[in-house]
Structures are given as C-alpha cells and as structure tokens.
Amino acid sequence: MDLLIRGGLLVTAEASYRADIAVTDGKISEIGINLRPAQKTQVVDAKGKLVLPGAIDGHTHLAMPFGGTVSTDDYYFGTKSAACGGTTTVFDFIIQQKGELMQDAIERRNSLAAPDAAVDYSFHIGVTDVSTEELLDSMEAAVKEGIPSFKVFMVYDFGVDDGAFYKVLQKSAQIGALVGVHAENRDVNNVLIKQYLREGKTDAWWHYMSKNEDVEGEADVRAINLAKMAGTSLYIVHLANKQGMEAVTQARDEGYPIFAETCPQYLHFTREVYKRERARDFVCSPPMKGKASQQALWEGIKRGDIATVATDHCPFTQAEKDWGIVTKDGKPGDFTTIPNGCAGIENMYPYMLSEANKGRITFNKAVELCAANPAKLFGLDEQKGSLQVGLDADIVIYDKKKEFVITNEAMHGQTDHTIWEGVKLKGYPVATYSRGTLVFKDGEFIGKKGQGKLIKCKPIKLSSPQL
C-alpha cells in the first residue's frame, strides 16, 4: 500500500458512501472502513471532503492548427491545466491528412504528445479521407492499436460528404468503433457567410447567425438518420441546440444507440455573449445558442439523453482573436478570420461539480457525465472512470465549502484570457492524483511533463441507448 485516503465521502456515478481508499502501484487496491496503512504508506485525511474519480475530457484540440496559427495549449500546458481542474485523462483529436493511413496518423500525433503529456491521454481520429479502400480499411488498424473512436466533420473544407460519412459508419459497425460527428450544415453555413459579408455584417454576432440553431439542428437530424441507415451507433459532439437535443431524445426513445456530448460553455453562456465588447473571444463552433437551447440541454442531462460533458478546449490568445478586427497583414478582418475555440479544460469538472453543489444536478450525475460515461463510451472503463478496486488510481479530492472565482491568473494554461473570467464556483478540487501520484494540490501543479501515458482502449460495441 502506497497511499491511503481516509475518511472521505466516495462518490461514483452509482452511489455515495463513506470509506477509505487504498492505492498500490498506481491502482486502487482496497476500499473499506478503517483500513490500516502499511509501513511507509502516505496517509491523507479527506474527512469532510468528497473523493471522486478523475474526470475524462473526451474532446480537446491541443496544438491545433487554425488559419496560420496554432492553439496556445500544447500537450504539456493542456494536460497540466486538466490536472489542475481534476481531469486525469484527455482525449485529443488527430486530424488525418489527405492520403494518410490511420495508424500513421496515430504515430505522427503521439510523437508530439508522449514527451509532454502530464496526465494520461488517448485520441480520436478526425477522418478526412476515405477515398480508397486502403484508407477506409486503415480504420481497423487504428482499432487494433487501441484507438477505436473516430470523428467526421459535416462542415469545413476538410469535412466529408454524406457518402463518405455513411461509409465510415458502415465500417465502424464491422470493426468495433464509435463515430462522432461535428454536425453543422456546411452548404447553408457557406451561403449565410457570403450573404452577411456582402451586407457588411462582419462582427462576431454574425458568426453565431451563420451557424444558428437551424444550421446545427438540421445536420444533427441528418447525422442521426445516416446512423440509422448504417445500423450503427453515433456520438454527436458538442451538441448545442434544441432541435438536435429533441432528435437525440426521439432516436434514443426508439431504441437507437445515439449518444450526445455537450460542453460547459453551452450550459452557462448564451448567444448574448456575441453582443459583448470582446465578443470575438467567445467565437467557437458551434457557437453558443439561445436560452431555449440551453434549457433543452439541461433537461437532456436530467433525462439521461446527454451522455457526456466535454470541453472542446482549443484556446487562442486575444491578439489572435483580434484577427476578427484586423488580420495579420493589416487588412480589415471579419467573423470568418477569428480563430475558433475557447479554453475550458481546467473548468469542466469544477463547473459541473459546482452546479451539483448548488443542487442543479446530483454529484453522482456530475461524475457520470464527466468520468463514468466517457470511460464506457470510449472503451476504457476497465481502466478508468470510477472508484473500483483494480482501476487506475485517478482520484480527486473535492472541498464543497471552498469558494472559487475563475480568473485567468489562477488558471494553468498558456493563453492570456478565459471566457470564464469572474464566474463564481461553489466548491473546488483541492487535490488530484494521476495513477496514485499527486499532480495538483491547493492551487499548484506539482506533476511532471511526460508523466502521462497513452491509454489504449478496447473495441466499442454499442447496440442500445443504455450504457
């Protein structure tokens, strides 16, 4: 026994109970009452605190290229920030290059992550090219390497058309993979962009308008129909609109294995942020929507039709965001030149736990959304996502009484602002353990660069809406 956390209230997705938790060689080795430490065991008093499984952020973009720049958090600063917010596993996106085999994409991206990651990590592969059978078949090679989750984009110039999307869905059903989708109607989005720019409408509000509720909702419905046609599961990432939420609920009620992720920014902010002085700082895709959509997402969480919460973490500096006003070459910019993305990797678990502390959801639901369900969906529930003997000792100690105001100064990333500035939280993590090693305590990161390891996931077979 290396570590013994005593006297806390253990919280899982299923139950809350008082117990001690012991760690040996990075694994949870025993859970019980009045456990006796072995010689040289480090004993931590968690009386009056919650003891939680570390969160799993299923959606990040670290060192992500965008229009001539790269998101400010690399694998070190991104995973460092994650640890300081109680997240102990991060799933980042590999964007497949044209003509690149999936296994080669994994090797390319992991060469960046392995030396830097401060907590454990894995990948989803963003599919851009299945134009040959060899490229399509390489999805199976990725699954065999422990990367069984993929993503298609229905928007952007590198996104796929419906035919390629359908082929990816068919292949996933054969090989034990999960396909996620960024659902927005690319053609309508492009028409609206041209229309607004022609009319001289250039500020951040028109980013929202060109990607409004209907633009996202139509694509959600179409993506679900394609999954039904292919006879396979589907994971809708960063769901932000009421129409899409209703479509997910309907499909799940019909028995289809459709799962949805939303993000804290959609649960807290609305489209009104695009009227602020620095509205460009909030530009992300999909953008925040209206109050009706926000309420629909919270109702979806309570019903169980939102499976996970993740961040879509992809921060840029304010100077880079200012390209929406004046581009790098000094020419007038517009909403299309603003780098898309916001910081959030350090805020997800604290925000959801704070909402639980305020009574909006239960702590068990917060753990389900941020830890247990991501583990089940992505094929690592035999390693992470809960407090169980034999699983990795990814553990967070949480103080319900600690008041915390989010400021960029208190964050641990590499950007110079946060959209969460000034948001008040009730309760906050005070310690994070990654595989039994303390990496965060009382506001300070004390882990190490390169301490994280690549997590290989098992094949994913989801045949019903129940996890």
Side-chain angles (χ1 to χ4, degrees), residues 5-19 21 44-57 80-89 119 262-269 297-298 301-302 306 308-311 313 343-374 385-387 394-413 418-434 438-446:
I5 300 173
R6 276 181 164 171
L9 182 70
L10 274 60
V11 181
T12 68
E14 298 79 21
S16 303
Y17 55 96
R18 297 198 179 279
I21 185 165
V44 175
D45 182 6
K47 187 176 180 180
K49 309 291 196 303
L50 302 186
V51 179
L52 315 163
I56 299 168
D57 191 340
K80 173 185 176 182
S81 298
C84 297
T87 291
T88 51
T89 306
V119 297
T262 195
C263 305
Q265 57 266 33
Y266 306 128
L267 298 173
H268 188 76
F269 301 104
L297 295 174
W298 277 112
I301 283 174
K302 292 173 182 177
I306 293 286
T308 68
V309 171
T311 65
H313 179 83
I345 201 168
E346 193 166 342
N347 311 117
M348 175 185 73
Y349 214 19
Y351 176 76
M352 296 307 295
L353 292 169
S354 175
E355 292 301 295
N357 209 5
K358 294 174 183 177
R360 191 166 201 170
I361 56 175
T362 66
F363 281 107
N364 308 98
K365 173 60 79 170
V367 169
E368 176 186 298
L369 292 165
C370 298
N373 279 356
S386 188
L387 302 176
D394 292 350
I395 300 170
V396 173
I397 300 177
Y398 180 83
D399 186 349
K400 291 173 63 176
K401 297 179 181 179
K402 184 177 178 65
E403 300 290 333
F404 191 89
V405 179
I406 300 174
T407 64
N408 191 64
E409 185 180 0
M411 298 295 98
H412 295 81
T418 173
I419 62 171
W420 295 92
E421 189 78 31
V423 173
K424 297 178 181 179
L425 302 181
K426 184 180 180 181
Y428 207 77
V430 293
T432 303
Y433 295 84
S434 174
L438 185 65
V439 293
F440 167 79
K441 184 176 182 181
D442 297 332
E444 292 188 22
F445 175 72
I446 53 177

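At least one side-chain heavy atom of Leu267 sits less than 4.5 Å from a side-chain heavy atom of Leu297. In this structure the side chain of Trp298 reaches within 4.5 angstrom of the side chain of Ile361, judged on heavy atoms. When side chains are defined from C-beta on, Ile306 counts as touching Leu369, because their heavy atoms get closer than 4.5 Å. Val423 places a side-chain heavy atom less than 4.5 Å from the side chain of His268. Looking at Thr89 and Asp57, their side chains never come closer than 4.5 Å, going by heavy atoms from C-beta outward. Between Tyr398 and Phe363 the shortest side-chain heavy-atom distance falls below 4.5 Å. Looking at heavy atoms from C-beta onward, Val309 lies in side-chain contact with Met348 at the 4.5 angstrom threshold. Put simply, the side chain of Ile21 reaches to within 4.5 Å of the side chain of Leu387, judged on heavy atoms.
A donor-acceptor pair is defined here as one N or O able to donate and one able to accept, closer than 3.5 Å; such a pair exists between the side chain of Ser81 and the backbone of Gly413. With Lys401 contributing its side chain and Lys426 its backbone, the two residues share no donor-acceptor pair below 3.5 Å. Using a distance-only test at 3.5 Å, with no hydrogens or angles considered, no donor-acceptor pair links the side chain of His313 to the main chain of Glu346. Under a 3.5 Å cut-off, the side chain of Asp394 and the backbone N or O of Pro53 do not form any donor-acceptor pair.
Side-chain atoms of Asn364 and Ser16 form a donor-acceptor pair, as typed in the model, at a separation below 3.5 Å. Glu409 and Thr407 are not linked by any side-chain donor-acceptor pair at a separation below 3.5 angstrom, with hydrogens and angles left out of the test.
Note that the CD1 atom of Ile345 and the CG atom of Asn347 stand 10.0 Å from one another [nearest 0.5 Å]. Annotation: the span from Thr12 atom OG1 to Leu52 atom CG amounts to 10.0 Å, rounded to 0.5 Å. Distance check, rounded to the nearest 0.5 Å: NZ of Lys402 to NZ of Lys49 gives 10.0 Å. Within the model, atoms NE2 of His412 and CZ of Phe440 stand 6.0 Å from one another, a figure rounded to the nearest 0.5 Å. Rounding to the nearest 0.5 Å places CG of Asp399 at 12.0 Å from CG of Leu353. Atoms OG and NZ, from Ser354 and Lys400 in turn, are 12.0 Å apart once rounded to the nearest 0.5 Å.
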**Request:** Could you walk me through whether Thr362 and Glu368 pass the side chain to side chain contact (heavy atoms under 4.5 Å, CB included) test, one step at a time?
**Result:** CA-CA 10 Å; Thr362 66; Glu368 176 186 298; over 6 Å; no
**Request:** Step by step, work out the side chain to side chain contact (heavy atoms under 4.5 Å, CB included) result for Glu421 and Ile406.
**Result:** CA-CA 5 Å; Glu421 189 78 31; Ile406 300 174; over 6 Å; no
**Prompt:** Between Arg6 and Val44, does a side chain to side chain contact (heavy atoms under 4.5 Å, CB included) hold up when you go through it step by step?
**Reply:** CA-CA 6 Å; Arg6 276 181 164 171; Val44 175; over 6 Å; no
**Prompt:** Between Ile56 and Thr87, is a side chain to side chain contact (heavy atoms under 4.5 Å, CB included) present by the stated rule, with each step listed?
**Reply:** CA-CA 6 Å; Ile56 299 168; Thr87 291; over 6 Å; no
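Close placement of the Trp420 and Phe269 rings is indicated, their centers lying within 6.0 Å of each other.
The two residues Gly85 and Pro350 have their closest heavy-atom pair at O-CD, 3.2 Å. Pairing each heavy atom of Pro264 with each of Tyr351, the nearest pair is CB-CD2, 4.0 Å. Among all heavy-atom pairs drawn from Gln265 and Thr311, the shortest one is NE2-O, 3.2 Å. Listed here is the closest heavy atom pair of Ala19 and Leu10: O-CD1, 3.2 Å. Heavy atoms only, all atoms of each residue included: Ala371 and Gly54 are closest at CB-O, 3.6 Å.
Taking the six-membered ring where tryptophan is involved, the planes of Tyr428 and Phe404 are essentially parallel, since the angle between them stays under 30° and well short of 60°.
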